[in-house]
Trainee: 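Sharing a structure here in structure tokens format.
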Amino acid sequence: MAQEDKVRKVKVKKAKKEAAPSENLSSGDPHLKEFKKVASRNKAKSQRGQKDTKQHKVKSPKKEITDFEIDNDKRVKEEANDGDFVAEKKGKKRKLESVDCSPALSFRPKQKKKKKAPQEGKESPAPEEKKPMSEAKNKKVKKEAGEHPVTAKKKKTKEEIEASRALKIKKKEEEEQQRWRWWEEEKYEDGIKWKFLEHKGPNFPPEYQPFPDNVKFYYNGNPVKLSLAAEEVALFFAQMLDHEYTTKDVFRDNFFKDWRKEMTLEERMLITDLNKCDFGELHSMHREKVEARKNMSKEEKMVIKESNQKILEEYGYCMLDHHRERIGNFKIEPPGLFRGRGEHPKQGMLKKRLQPEDVIINCSRDSRIPQAPAGHSWKEVRHDNTVTWLASWTENVQGSCKYIMLNANSKLKGEKDWEKYEVARKLKTCVDSIRAQYHEDLKSKQMGTRQRAVALYFIDKLALRAGNEKEEGETADTVGCCSLRVEHITLHDTLDEEKCVVEFDFLGKDCIRYYNKVPVSKRVFKNLKLFMQNKQEGDDLFDRLNTAMLNKHLSSLMPGLTAKVFRTYNASMTLQQQLKELSNCSENLVEKLLSYNRANRAVAVLCNHQRAPPKTFEQSMANLQVKIASRKEQLALAKKELKQAKKEAKGNSDNKLLAVIEKKKKAVQRCEEQLLRMEVQATDREENKQIALSTSKLNYLDPRISVAWCKNMEVQLDKIYNKTQRDKFAWAIDMTEPDFVF
DNA sequence: CCCCCTACTTAGAACTATCACG
DNA sequence: CGTGATAGTTCTAAGTAGGGGG
């Protein structure tokens with residue numbers, strides 16, 4: 001248990017200055033002040049409006065910290081003239097020009113408001129800490145009492161249903177009341193993520209249960225009883241037999257190699273060819289199990305649900321600065337076969353079972369340290385409050401770190417999210433000059449600067465990702481902006497009557513294809529031609545640029561600015577614009593929602609958020625069309641009847657007839673409404689066939705835009721955000737006024 | 001300058017619960 | 001009152017970005 005609390009040092013990077021001085025828009029940082037102002041305004045509001053009995057809010061005077069020193073190590077190197085550009089081989093990029101780099105300003109507002117003393121006072125009295133457990137218990141007791149009447153359960157009647165409903169509502173209210181309104185509090189000083197953190201450690205998956213002897217694995221036609229370890233891995237493969245993965249050579253090879261590592265020497269001698277393996281019985285056993293689980297009785301399902309609930313109760317929450325916070329992924333990932341996306345060179349490799357000995361725990365020194373499962377111990381317990389994770393381990397397939405962190409509705413995540421949108425909003429104030437500058441840079445004498453300008457143009461205009469370098473052969477071959485290669489774009493002097501068209505075709509994150517034909521400015525086009533000169537397939541388009549250089553430059557234009565901010569900015573701006581353009585107050589609810597979805601969709605298209613069309617898509621679409629047709633018939637009929645009724649009533653003021661007319665009118669109206677709803681649904685669904693809205697909604701769209709829209713349009717918020725989303729965006733829902741502008 | 005490591009966000013697929021409909 | 005489609009949740013892979021050390 002090494003107690004090395006790492007104190008993150010604020011790094012001051014050596015700044016190199018480029019020949020052309022960059023416009024520095026950063027000083028003063030008015031936007032972040034705004035951020036703070038909003039926070040306190042909201043605070044005031046809520047104190048006015050609500051009887052918040054909590055008292056975590058303690059105002060604290062702010063202490064300014066000095067800004068970073070800038071090392072003005074100015075070095076200017078002249079770049080060769082245009083004729084000299086030589087494409088360099090991929091992988092090794094030599095950057096000839098020096099790059100402007102302002103001090104590595106952290107974009108956090110904290111920077112401006114280091115405050116020390118009051119932090120202690122901020123925390124609520126210590127005794128509260130012990131509470132959650134007993135509280136939880138109480139709740140449970142209450143619940144049980146309600147659910148298990150002493151007498152027979154025949155009496156499970158209205159009363160009880162009502163009671164449970166009441167309980168639910170009550171719980172909801174309670175939840176609302178208990179919600180930690182962290183956005184009304186002061187932020188911690190630089191880098192400190194928490195003051196107190198206590199949790200139970202991660203939850204491990206159950207041990208492997210060997211399958212019965214009557215289920216056999218065959219090799220070369222002969223039954224073979226496998227050792228426990230080999231059997232477990234064999235089952236991983238057998239379970240996936242329905243999946244396309246298991247037909248791929250790479251997958252099979254990787255699997256077989258790793259499987260053999262788990263075998264005993266004897267097994268390894270015997271089993272040398274995957275094609276001679278017969279997993280049939282294991283596979284069907286697995287299918288039966290799945291089937292059986294599906295067919296379980298309600299009671300059995302209930303039992304499982306309850307035990308899951310118990311696990312959630314125990315492991316799913318932590319105490320963070322006196323608040324009970326939900327953990328996002330408290331379960332240790334179970335072992336299995338690695339499933340990469342796309343043509344992943346490591347697909348099929350064995351992802352090993354983790355032991356507590358692999359896991360590092362992070363928590364407060366003065367908290368109850370989580371107990372490792374019986375007979376085990378943790379790899380390490382540390383107390384680092386500059387990070388947000390509760391536990392971490394190294395995964396064996398890629399060798400990367402994995403973390404257990406809090407749920408999206410937590411303070412730690414929410415605050416970061418809020419900040420992200422504030423940075424994006426700040427970009428709004430200087431985007432014009434940044435655009436002007438990169439437009440200028442397209443003419444730069446320095447190749448690197450030109451490349452940077454073109455890359456920035458793509459990132460801004462097309463919302464491309466930054467495109468970090470990746471290790472070759474370790475992952476699927478995907479690219480982002482800076483890692484584009486010459487084969488990923490095709491230049492067309494004219495295409496479909498448009499000039500200077502760039503045709504993009506590459507695989508991006510998660511191997512999602514990006515295909516787009518975009519007319520670009522002449523200057524950009526000319527530059528691209530230049531960049532591609534003397535290069536061949538496999539060469540980097542931007543051979544003098546990488547994401548680090550790009551971001552360095554960006555952060556010199558505005559603190560906190562990186563490539564990905566453009567995605568956030570353009571996504572949110574698009575939503576706001578589209579909502580303004582598409583929706584209007586006089587629409588009915590269904591139409592408003594269609595408009596909202598369309599605006600959302602425009603963003604998803606911009607960000608290239610795709611999904612596999614649902615398997616049942618065609619079928620369900622056809623079904624819907626049938627329904628629409630029949631409804632249309634109904635409508636026609638209803639209209640006819642109405643006409644008929646009117647005819648009969650002509651010149652006749654018999655009340656009865658009039659009533660009939662009214663009735664028919666209503667029927668027609670109802671029919672029309674339903675028809676409209678279905679037609680809208682059909683349109684929406686068709687337009688959404690291959691587009692995933694949720695990613696942008698969750699990660700790119702400032703929720704305040706949506707909240708404000710709902711208020712202005714008089715649309716219930718739960719029409720656009722489900723429970724999870726409302727939880728995640730609680731801060732925005734609470735603070736946003738109808739006049740919010742991104 | 002380059003490479004590696006850490007920490008955190010973003011991403012679509014798979015799985016599960018719920019709801020509408022016959 | 002079951003069933004199938006849809007909505008919501010979980011899972012974990014795949015990105016971004018910045019630090020740090022050689």
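Naming convention: chains lettered A, B, ... in sequence-line order (proteins, then strands); numbering from 1 in each chain.
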Trainee: Rounding to an integer number of Å, can you tell me how far A/Lys416 NZ sits from B/dA7 C1'?
Mentor: 8 Å
Trainee: What's the CG-P distance between A/Leu545 and C/dT16, to the nearest Å?
Mentor: 13 Å
Trainee: Taking only the side-chain heavy atoms of A/Lys564 (C-beta and beyond), determine which of B/dG12, B/dT9, B/dT6 contains the nearest atom.
Mentor: B/dT9
Trainee: Check for a donor-acceptor pair, side chain of A/Asn203 on one end and backbone N or O of A/Ile311 on the other, with a separation under 3.5 Å.
Mentor: no
Trainee: What's the closest nucleotide to the side chain of A/Trp389 if the choices are B/dA7, B/dG12, C/dT12?
Mentor: B/dA7
Trainee: Side chain of A/Ala466, heavy atoms from C-beta onward: which of C/dA14, C/dA17, B/dT9 has the nearest atom to it?
Mentor: C/dA17
Trainee: Please figure out whether A/Gln725 or A/Thr478 has its closest DNA chain C nucleotide nearer the 5' end.
Mentor: A/Gln725
Trainee: Base, sugar-phosphate or nothing for A/Ala548? Non-hydrogen atoms, less than 4.0 Å.
Mentor: nothing
Trainee: For nucleotides 4-7 of chain C, give me every protein contact, N/O to N/O, under 3.5 Å, one pair per line with atom names.
Mentor:
from, atom 1, to, atom 2, distance (Å)
C/dT6, OP1, A/Arg685, NH1, 2.6
C/dT6, OP1, A/Arg685, NH2, 2.7
C/dT6, OP2, A/Ser620, OG, 3.4

Trainee: For A/Thr562 and C/dT16, is the shortest distance between a side-chain N/O and OP1 or OP2 below 4.0 Å?
Mentor: no
Trainee: Where the side chain of A/Thr388 is defined as all heavy atoms beyond and including C-beta, which of C/dG15, C/dT12, B/dC8 is the nearest nucleotide?
Mentor: B/dC8
Trainee: Is any side-chain N or O of A/Ser400 closer than 4.0 Å to OP1 or OP2 of C/dA14?
Mentor: no
Trainee: Does A/Thr724 make a side-chain N or O approach to OP1 or OP2 of C/dT9 shorter than 4.0 Å?
Mentor: yes
Trainee: To the nearest Å, how far apart are A/Asn409 CG and B/dT9 P?
Mentor: 14 Å
Trainee: Kindly express the pairing pattern of DNA chain C in dot-bracket notation, using | wherever a base pairs with another strand and counting only Watson-Crick or G-U pairs under 3.5 Å.
Mentor: ||||||||||||||||||||||
Trainee: Calculate the interatomic distance between A/Ile512 atom CD1 and C/dA13 atom P; express it in whole Å.
Mentor: 16 Å
Trainee: For C/dG15, does OP1 or OP2 lie under 4.0 Å from any side-chain N or O of A/Arg567?
Mentor: no
Trainee: Please state how far atom CG in A/Asn468 lies from atom P in B/dT9, giving the value in whole angstrom units.
Mentor: 16 Å
Trainee: How long is the line joining CG of A/Leu464 and P of B/dT10, in whole Å?
Mentor: 17 Å
Trainee: For A/Gly328, answer base if it contacts any base atom (sugar-phosphate contacts may also be present), sugar-phosphate if it contacts only those atoms, and nothing otherwise; contact means non-hydrogen atoms under 4.0 Å.
Mentor: nothing
Trainee: Choose from C/dG18, C/dA14, B/dC8 the nucleotide whose nearest atom is closest to any side-chain atom of A/Tyr403.
Mentor: B/dC8
Trainee: Nearest-Å distance, CG (A/Asn551) to P (C/dG15)?
Mentor: 17 Å
Trainee: Mind checking whether A/Tyr514 and A/Phe506 have parallel, tilted or perpendicular rings, split at 30° and 60°?
Mentor: parallel
Trainee: Atom pairs under 3.5 Å, N or O on each side, protein against nucleotides 14-20 of chain B: can you list them with distances?
Mentor:
from, atom 1, to, atom 2, distance (Å)
B/dA14, OP1, A/His243, NE2, 3.2

Trainee: Do the side chain of A/Glu313 and the main chain of A/Gly316 share a donor and acceptor less than 3.5 angstrom apart?
Mentor: no
Trainee: Please confirm whether the shortest side-chain N or O distance from A/Lys509 to OP1 or OP2 of C/dA13 is below 4.0 Å.
Mentor: no
Trainee: Which nucleotide in the list C/dG15, B/dG12, C/dT12 gets nearest to the side chain of A/Ala692?
Mentor: B/dG12
Trainee: Taking only the side-chain nitrogens and oxygens of A/Thr695, find out if one of them lies under 4.0 Å from OP1 or OP2 of B/dG12.
Mentor: yes
Trainee: Given the ring of A/Trp418, does A/Lys187 sit roughly above its face, with NZ or CZ under 6.0 Å from the centre of the six-membered ring and within 45° of the axis?
Mentor: yes
Trainee: Should A/Lys413 be listed as having a side-chain N or O under 4.0 Å from OP1 or OP2 of B/dT9?
Mentor: yes
Trainee: When you compare the side chain of A/Ile459 with that of A/Leu550, does any pair of heavy atoms fall below 4.5 Å?
Mentor: yes
Trainee: Hey, is the main chain of A/Leu350 close enough, under 3.5 Å, to the side chain of A/Asp258 for a donor-acceptor pair?
Mentor: yes
Trainee: For A/Asp702 and A/Ser572, indicate whether the former's side chain and the latter's backbone hold a donor-acceptor pair under 3.5 Å.
Mentor: no
Trainee: With a 4.0 Å cutoff (strictly under), does any side-chain N or O of A/His344 reach OP1 or OP2 of C/dA13?
Mentor: no
Trainee: Measure from the side-chain N and O atoms of A/Asn551 to the backbone N and O of A/Thr562, and report whether any donor-acceptor pair falls under 3.5 Å.
Mentor: no
Trainee: With A/Lys411 as the cation and A/Tyr188 as the aromatic partner, state whether NZ or CZ is under 6.0 Å from the six-membered ring centre and within 45° of the axis.
Mentor: yes
Trainee: Please state how far atom CE in A/Met349 lies from atom P in C/dA13, giving the value in whole angstrom units.
Mentor: 12 Å
Trainee: Return yes if some donor-acceptor pair links the side-chain N/O of A/Asn329 with the main-chain N/O of A/Met405 below 3.5 Å, else return no.
Mentor: yes
Trainee: Counting only side-chain N and O atoms of A/Tyr700, is one of them less than 4.0 Å from OP1 or OP2 of B/dA11?
Mentor: yes
Trainee: Just N and O in the side chain of A/Lys193: are any of them under 4.0 Å from OP1 or OP2 of B/dA7?
Mentor: no
Trainee: Would you say A/Lys470 reaches C/dG15's phosphate, i.e. side-chain N/O to OP1/OP2 under 4.0 Å?
Mentor: yes
Trainee: Examine C/dA14: is either OP1 or OP2 under 4.0 Å from a nitrogen or oxygen in the side chain of A/Gln398? Give yes or no.
Mentor: yes
Trainee: State whether the side chain of A/Arg293 and the backbone N or O of A/Glu288 hold a donor-acceptor pair below 3.5 Å, judged by distance alone.
Mentor: no
